[in-house]
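Take a look at the structure below.
Naming convention: chains lettered A, B, ... in sequence-line order (proteins, then strands); numbering from 1 in each chain.
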Amino acid sequence: MCGKFSTLLLNICIGSLCKARRLDKAEFVVVDGIRLGCLPDVVTYNTLIAAYCRFVDFDQAYLIVSRMKEAGVKPDVVTYNTLMAGASRHNLPSQCQYLFQDMSKNGVVPDEWSYNTLMHCLFNCGYPEVAFKIFSDMNSSSVSPSIITYNTLINGYFKSGRAVNAVMAFRRLQKFGFSPELVTYNTMLHGLFKSGKRGQARRIYKEMRESGIAPNAATYTTAMKCWFRSRNFEDGLDIFSEMMSRGYTSDVFAYCTVISALAKRGKTEDARVCIRQMLKNGQGIDLACYNALIYAYCKEKNMNDALLLLNEIEEAGLECDGYTYSTLVDGFCKLGDFSSAMNQMRVMETSGLNPNLVAYNSLIDGLCKAGMVDHALSIFKMMRTRDSFSYSALLHGLCKVGRFHVASKFLLICARKGINVLKSSKRAVLRGLRCSGFGRDAKKLKAAMWKAGFLHYEK
DNA sequence: TTAGGGTTAG
């Protein structure tokens with residue numbers, strides 16, 4: 001008869017196989033175990049569910065749950081948390097919420113992980129209000145929040161555009177009995193940087209260093225990006241050197257950030273040196289790195305080499321994505337080669353990717369700059385979503401050909417929808433109306449923009 | 001369960 005010891009061994013074996021992604025083999029071991037009288041327990045099933053969620057398919061994970069129930073093994077809190085993490089990873093907020101409710105219905109009490117996972121999923125999928133509600137439910141439950149809960153909350157504040165609340169939560173951590181840890185600082189650094197608060201981000205980085213917490217690869221990469229964007233290129237490279245000297249020598253994210261920064265400064269040869277260094281280190285080059293290099297070639301108007309990289313991507317067994325094609329579309333648009341740009345849009349479609357907002361925006365910008373405003377307008381009308389880039393590019397194009405009244409209509413749409421556009425676009429429309437003898441219309445437009453609070457939207 | 005990379009306007 002199979003005892004607890006044998007089940008423990010079975011679980012260790014299943015754990016290693018799942019970790020190595022050998023799920024078929026793991027399933028065979030389970031079957032063999034059953035044949036020998038060693039019945040899988042809740043840990044065995046939870047391990048399999050986690051592996052199916054992570055490496056295969058969410059539906060397959062549910063099949064394991066059915067098998068588990070048929071075998072008379074009751075799902076526990078870990079089963080639910082694992083499924084919720086899977087739902088979160090697959091961006092399925094309703095599924096995640098359903099699992100959370102279902103667990104209570106089945107007499108399983110949610111723990112801190114359950115609350116954290118649900119909050120994270122809801123924030124990530126764009127439901128901050130529901131996520132806040134979960135946080136408040138957690139506080140009124142018997143489950144205590146942890147530093148991970150607060151890290152998730154701070155990240156959620158940033159993701160939902162509430163940087164001020166994120167900073168407040170960070171500053172109040174000690175009041176709640178916690179001290180910021182590495183992930184807290186990394187979340188703050190990244191959140192502040194993404195919210196455009198680069199000065200505050202740099203201060204947080206300094207504060208972290210002074211607190212004695214050692215940065216990791218994520219800290220260095222975010223800090224570098226922040227420094228590069230703040231036009232402190234040399235300081236950004238110093239951070240990269242420090243990162244290398246601290247032994248983070250094979251981090252593909254960091255290399256990718258540096259390659260992109262070099263490319264933006266037109267240092268294509270240095271970007272190539274980086275790639276060579278990566279190959280020398282035995283590092284795999286992933287699609288993001290290739291995309292950064294394609295961008296470097298496009299930037300120096302070397303479309304031939306950019307296109308040649310597509311073959312390399314294929315040879316490396318990778319598949320081009322939206323970044324690859326939109327970078328190429330932009331490269332061709334900047335050269336005024338709209339036929340090749342459109343060709344890349346078609347390739348994108350035949351590859352099963354919908355031409356994205358960036359590709360369309362590049363097309364609009366390129367067409368406007370080439371004076372083909374009507375063509376740009378027809379593309380603009382076709383677009384399902386438009387953002388600040390789309391409107392700014394179009395406004396500039398319309399102003400360039402003197403169509404200030406049409407531009408003024410689009411500007412009012414932006415004001416009404418709260419879509420911010422470049423300061424220069426707003427100025428171009430107002431100045432254009434005034435200079436072409438429509439001073440009264442300019443005044444009316446300015447008044448309407450003030451009324452909509454649109455003139456305060458300066459970045 | 002929480003944190004990092006790659007594309008577009010001026």
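- Rounded to whole Å, atom C1' of B:dA9 lies 12 Å from atom CE of A:M383.
- Under a 4.0 Å N-O distance rule, the pair A:R265/A:E300 does not qualify as a salt bridge.
- Side-chain nitrogen and oxygen atoms of A:K264 include at least one within less than 4.0 Å of the OP1 or OP2 phosphate oxygen of B:dT7.
- Using a 4.0 Å cut-off, no side-chain N or O of A:N186 falls inside it from OP1 or OP2 of B:dG4.
- Distances shorter than 4.0 Å separate none of the side-chain N or O atoms of A:Y248 from OP1 or OP2 on B:dG4.
- One donor-acceptor pair, N or O on each side, does fall under 3.5 Å between the base of B:dG4 and the side chain of A:T221.
- Summarising the geometry, the separation between CZ on A:F380 and P on B:dA9 is reported as 17 Å, rounded to the nearest angstrom.
- The phosphate of B:dT7 (OP1 or OP2) has a side-chain N or O of A:S260 nearer than 4.0 angstrom.
- Residues passing the salt bridge (Lys or Arg N to Asp or Glu O under 4.0 Å) test with A:K446, sequence neighbours excluded: none.
- The OG atom of A:S195 sits 5.0 Å away from atom CZ of A:F158, with the distance rounded to the nearest 0.5 Å.
- In this structure, A:R198 is not positioned above the aromatic face of A:F193 in the sense of NZ or CZ being under 6.0 Å from the six-membered ring centre and within 45° of the axis.
- Rounding to whole angstrom units, OH of residue A:Y80 and C1' of B:dT1 are separated by 18 Å.
- Taking only side-chain atoms of A:N361, from C-beta outward, the nucleotide of B:dG5, B:dG4, B:dT8 with the closest atom is B:dT8.
- Salt bridge present: A:E269 and A:R272 bring a charged side-chain N and a carboxylate O closer than 4.0 Å.
- For A:M243, whose side chain is taken as the heavy atoms from C-beta onward, the closest listed nucleotide among B:dA3, B:dA9, B:dG4 is B:dG4.
- Ionic pairing of A:D330 and A:K299 is not present here: no N-O contact between side-chain nitrogen and carboxylate oxygen is shorter than 4.0 angstrom.
- A:V252 comes within 4.0 angstrom of a nucleotide base, judged by non-hydrogen atoms across all strands.
- Aromatic pair A:Y150/A:F135: ring centres closer than 6.0 Å.
- Of the candidate nucleotides B:dG10, B:dT7, B:dG4, B:dG10 has the atom nearest to the side chain of A:S424.
- Here A:A393 lies out of heavy-atom contact (under 4.0 Å) with every strand.
- Residue A:K299 places none of its side-chain N or O atoms closer than 4.0 Å to OP1 or OP2 of B:dT8.
- Between the P atom of B:dT2 and the CD atom of A:E181 lies a distance of 12 Å, rounded to the nearest Å.
- Not a single donor-acceptor pair, N or O on each side, falls under 3.5 Å between the base of B:dG5 and the side chain of A:D251.
- Nucleic acid contact for A:S390: none, since no nucleic acid atom lies under 4.0 Å from a heavy atom of the residue.
- Within the nucleic acid shown, A:N81 has no heavy atom closer than 4.0 Å to any nucleic acid atom.
- As judged by a 4.0 angstrom heavy-atom cut-off over every strand, A:K194 is placed among residues making no nucleic acid contact.
- When the nucleotides B:dT8, B:dA3, B:dT1 are ranked by their closest atom to the side chain of A:I148, B:dT1 comes out on top.
- Residue A:K159 places its side chain closer to B:dA3 than to any other of B:dA3, B:dT7, B:dT8.
- To the nearest angstrom, C1' of B:dG10 lies 15 Å from CG of A:L394.
- Using a 4.0 Å cut-off, some side-chain N or O of A:H190 falls inside it from OP1 or OP2 of B:dG5.
- Rounded to whole Å, atom C1' of B:dA3 lies 14 Å from atom CD1 of A:I204.
- Neither OP1 nor OP2 of B:dA9 sits under 4.0 Å from any side-chain N or O of A:H396.
- Atom CE in A:M188 sits roughly 16 Å away from atom C1' in B:dG4 (whole-Å rounding).
- Between the CE atom of A:M224 and the C1' atom of B:dG5 there is a distance of 9 Å, rounded to whole Å.
- Residue contacts shown for A:L328 are absent, as no nucleic acid heavy atom lies under 4.0 Å away.
- Applying side chain to side chain donor-acceptor pair (under 3.5 Å) to A:N46 and the options A:N81, A:N11, A:T82, A:D76 leaves one that passes, A:D76.
- Across residues 113-133 of chain A, A:W113, A:N116, A:T117, A:H120 each have a non-hydrogen atom less than 4.0 Å from an atom of DNA chain B (numbered order).
- Looking at A:R203 and A:E207, no side-chain N of the basic residue comes within less than 4.0 Å of a carboxylate O on the acidic one, giving no salt bridge.
- Stacking here means ring centres nearer than 5.5 Å and ring planes tilted less than 30 degrees, and by that measure A:F389 stacks onto B:dT8.
- Residue A:K334 places at least one side-chain N or O under 4.0 Å from the OP1 or OP2 atom of B:dA9.
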